[in-house]
Number of protein chains: 2
Amino acid sequence: MKYEAAKLKDISKVLGLSVSTISRALNDSYEISEKTKKLVREYAEKINYRPNPVAVSLREKRSRSIGVIIAEIANSFFSQMINGVESVAHAKGYNVIITQSLESYERELSNLEFLASRSVDGCLISVSTETKNFDHITRLHKRGFPFVCFDRIIDDIKTHKVSIDNFKGAYDATKELVKSGFKRIAMLGNAEHLSITQERLSGYKAALADAGLVFDESLIRYCLHGGMIYGEVEQAMNELMSLRKKPDTFFAASDKLTTNFVRYCKAKKISIPNKLGLVGFSNLDLTDLLTPALSVIRQPAFEMGEAAAELLIKLIEAKRPPADFENMVLPPELLIRGSSERKK
Amino acid sequence: MKYEAAKLKDISKVLGLSVSTISRALNDSYEISEKTKKLVREYAEKINYRPNPVAVSLREKRSRSIGVIIAEIANSFFSQMINGVESVAHAKGYNVIITQSLESYERELSNLEFLASRSVDGCLISVSTETKNFDHITRLHKRGFPFVCFDRIIDDIKTHKVSIDNFKGAYDATKELVKSGFKRIAMLGNAEHLSITQERLSGYKAALADAGLVFDESLIRYCLHGGMIYGEVEQAMNELMSLRKKPDTFFAASDKLTTNFVRYCKAKKISIPNKLGLVGFSNLDLTDLLTPALSVIRQPAFEMGEAAAELLIKLIEAKRPPADFENMVLPPELLIRGSSERKK
DNA sequence: TTGTATGCGTTATCAA
DNA sequence: TTGATAACGCATACAA
């Protein structure tokens, strides 16, 4: 079953004009008489003619579309971010092709390969947790394929970057827990090698230091899939909760870690914040409906999407590589709610 | 700035063979000698050659990609559904282009136009709440553009459809509330003209009738944006809660209606289920973490996505229109939790 | 077994 | 002001 759309040739035949005349008339070329333009336009309108974007792409060597590689659509941070990307892209006449890696290096690779093989003019990427080697990205980048990194940044690639101040987010979160009187603050982190994990770890450490608390390595656990899989959070929690000196509160460094921490506490009937306090990264707009409401670090996801798309399109449309690259760092927002309030 | 990828011509020049030989060698044609194939393959591998999908699309008159039009990515039902779509599509060598209408007819129209203008081989669609006229869809469909409808079904279009048993979902939800002893059951519905709304309304009515309760029109409120905007839910709730004979429980007929109902109760300090009971449609995997945990009707979103993608690809690859169309109706699942338990 | 020519739908160059 | 022709990258019918 095949859908046949109207093409220039069809119009050309009916109106008895050449294909090139039709093309020029529809593109409002100065070379064509008003009379002819009107005739052509009206007929094209009538049969609902639309230029074939595939042919235009081949001809113009650009597709007017951008690709996005994220970990998971069903993650509030990413879905909000995509809304920002779409709003800018559509306004500038670009389409957005979304692909998800599901935190798998293999999938990231094949998605990127598809996108880069000229289906899109450039790409926004937040690498998967599994990705430790960035050759697939740098290789393309060196050959001129436009990238903008966001969220999970790759350090040694020279291009525009959009992220949040992860250090500050973690610092503020930890400081808030300290302020509430918690002493043994554990951290659930995303994969250890990720830039966001390291920055958040630094913020956490700095806040401890400033509060005169000693940093205890044994209170740190990393989850290779960023908490996407409940089992990895469960295991990390089991380990931490069976320490001789148990933590009395948690800093959860990603969306899924935060919710799966709550899930764990619910399952084990651990009361928040009485038994364990919590501040976590989350962009879910349901965290305020939990009991207790969760204290969260919220990222300006929509704005990050807007900024990243803006930068990427600028890169695509630039005649030559820009002299310097933007490194946008947006501020996170700490929303203090019940889960970090020490009760006793 | 432009990214130039390798093409057949490049290989052809280097190896001193014609473009067609290269093409055939890479496509493993029987006409080419093993020796040549090996030579070509190795060099192609070395320079990381990938065929230009745009050129292939133009040539083959198909793009090996499918489009999806949904209301909103940041909606658990849709994002889970997309995961199902992607898993099937990728397995069959198709790419997925996602667009969101944000419940706007205008956006649905322009998204569809983009997708149909030969960027994709077919389309999965769940119409926006604003869409009352389906001409833009039926017009394309009549001209042979493959569609599969899911979730929000269009009745008068002859094609494959994937939905859930909305009647049963609503019936079970309402019956559960009746069983708990609630008497005045209000319904928050999506836009009135949607098929899902009508079916859910019927299920609700039938359950009332079977329980010997009278149907009271004044207890029904429709939200034109399916609860996506908090204000519309707030207004509906304000109206219902200022009735002389207030409802004592709610059936919320969509994801966003359910969560915004909870948000409203939290804001107004209305205790669930003591003051108001609730069963609502929701696919969020956080509803069990609320206090009380929410009783929800859960849709098999992932499976729906798989089924819809499967049917669409079958449609695309069929030589001619199938004699009859599938009308898949999957069962919803009622998860009974705290919010529908009558306490007093 | 390999090469040449053609066409997919569009736009741009050149000619009329 | 309009038309014929070439080109974008690829795959295939036809020639050799």
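Please read all numbers here as calculations on a predicted model, not as lab measurements. Naming convention: chains lettered A, B, ... in sequence-line order (proteins, then strands); numbering from 1 in each chain.
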S.K.: Across the strands shown, which category fits L8(B) at heavy-atom distances under 4.0 angstrom: base, sugar-phosphate, nothing?
M.R.: sugar-phosphate
S.K.: Can a side chain N or O of Y49(A) be found less than 4.0 Å away from OP1 or OP2 on dT10(C)?
M.R.: yes
S.K.: Any side-chain N or O of S33(B) below 4.0 angstrom from OP1/OP2 of dT2(C)?
M.R.: yes
S.K.: Which distance, rounded to the nearest 0.5 Å, do you find between the NZ of K92(A) and the CZ of R64(A)?
M.R.: 10.5 Å
S.K.: According to a strict under-4.0 Å criterion, is K61(B) in side-chain N/O contact with OP1 or OP2 of dC8(C)?
M.R.: no
S.K.: Counting only side-chain N and O atoms of Y30(B), is one of them less than 4.0 Å from OP1 or OP2 of dT12(D)?
M.R.: no
S.K.: Would you mind telling me which of dC8(C), dT2(D), dC8(D) lies closest to the side-chain atoms of R59(A)?
M.R.: dC8(D)
S.K.: Between D28(B) (CG) and dT2(C) (C1'), how many Å, whole number?
M.R.: 16 Å
S.K.: Do you know which two heavy atoms are closest between I11(A) and Y43(A), and how far apart they sit?
M.R.: CG2-CD2, 3.7 Å
S.K.: Check this for me: does the side-chain of R24(A) come within 3.5 Å of the base of dG3(D) through a donor and an acceptor?
M.R.: yes
S.K.: Under 4.0 Å from OP1 or OP2 of dA11(D): is there any side-chain N or O of S23(B) that close?
M.R.: yes
S.K.: Would N95(A) and S65(A) count as having a side-chain donor-acceptor pair, cut-off 3.5 Å?
M.R.: no
S.K.: Looking across every strand, which nucleic acid part, if any, lies under 4.0 Å from S57(A) by heavy atom: base, sugar-phosphate, or nothing?
M.R.: nothing
S.K.: How close or far is atom P of dT12(D) from atom CD1 of I22(B), stated in whole angstroms?
M.R.: 16 Å
S.K.: Report the nucleotide, chosen from dA11(D), dC10(D), dT2(C), that has the shortest atom-to-atom distance to any side-chain atom of N27(B).
M.R.: dA11(D)
S.K.: Are the side chain of R152(A) and the backbone of S126(A) linked by a donor-acceptor contact shorter than 3.5 Å?
M.R.: no
S.K.: Between dA11(D) and S20(B), is there an OP1 or OP2 to side-chain N/O distance shorter than 4.0 Å?
M.R.: no
S.K.: Ignoring backbone atoms, test whether T21(A) places a side-chain nitrogen or oxygen under 4.0 Å from the OP1 or OP2 oxygen of dT2(D).
M.R.: no
S.K.: Starting at CG of N52(B) and ending at P of dG9(D), how long is that distance when rounded to a whole Å?
M.R.: 7 Å
S.K.: State the CD1-CD1 distance between I98(A) and I82(B), to the nearest 0.5 angstrom.
M.R.: 7.0 Å
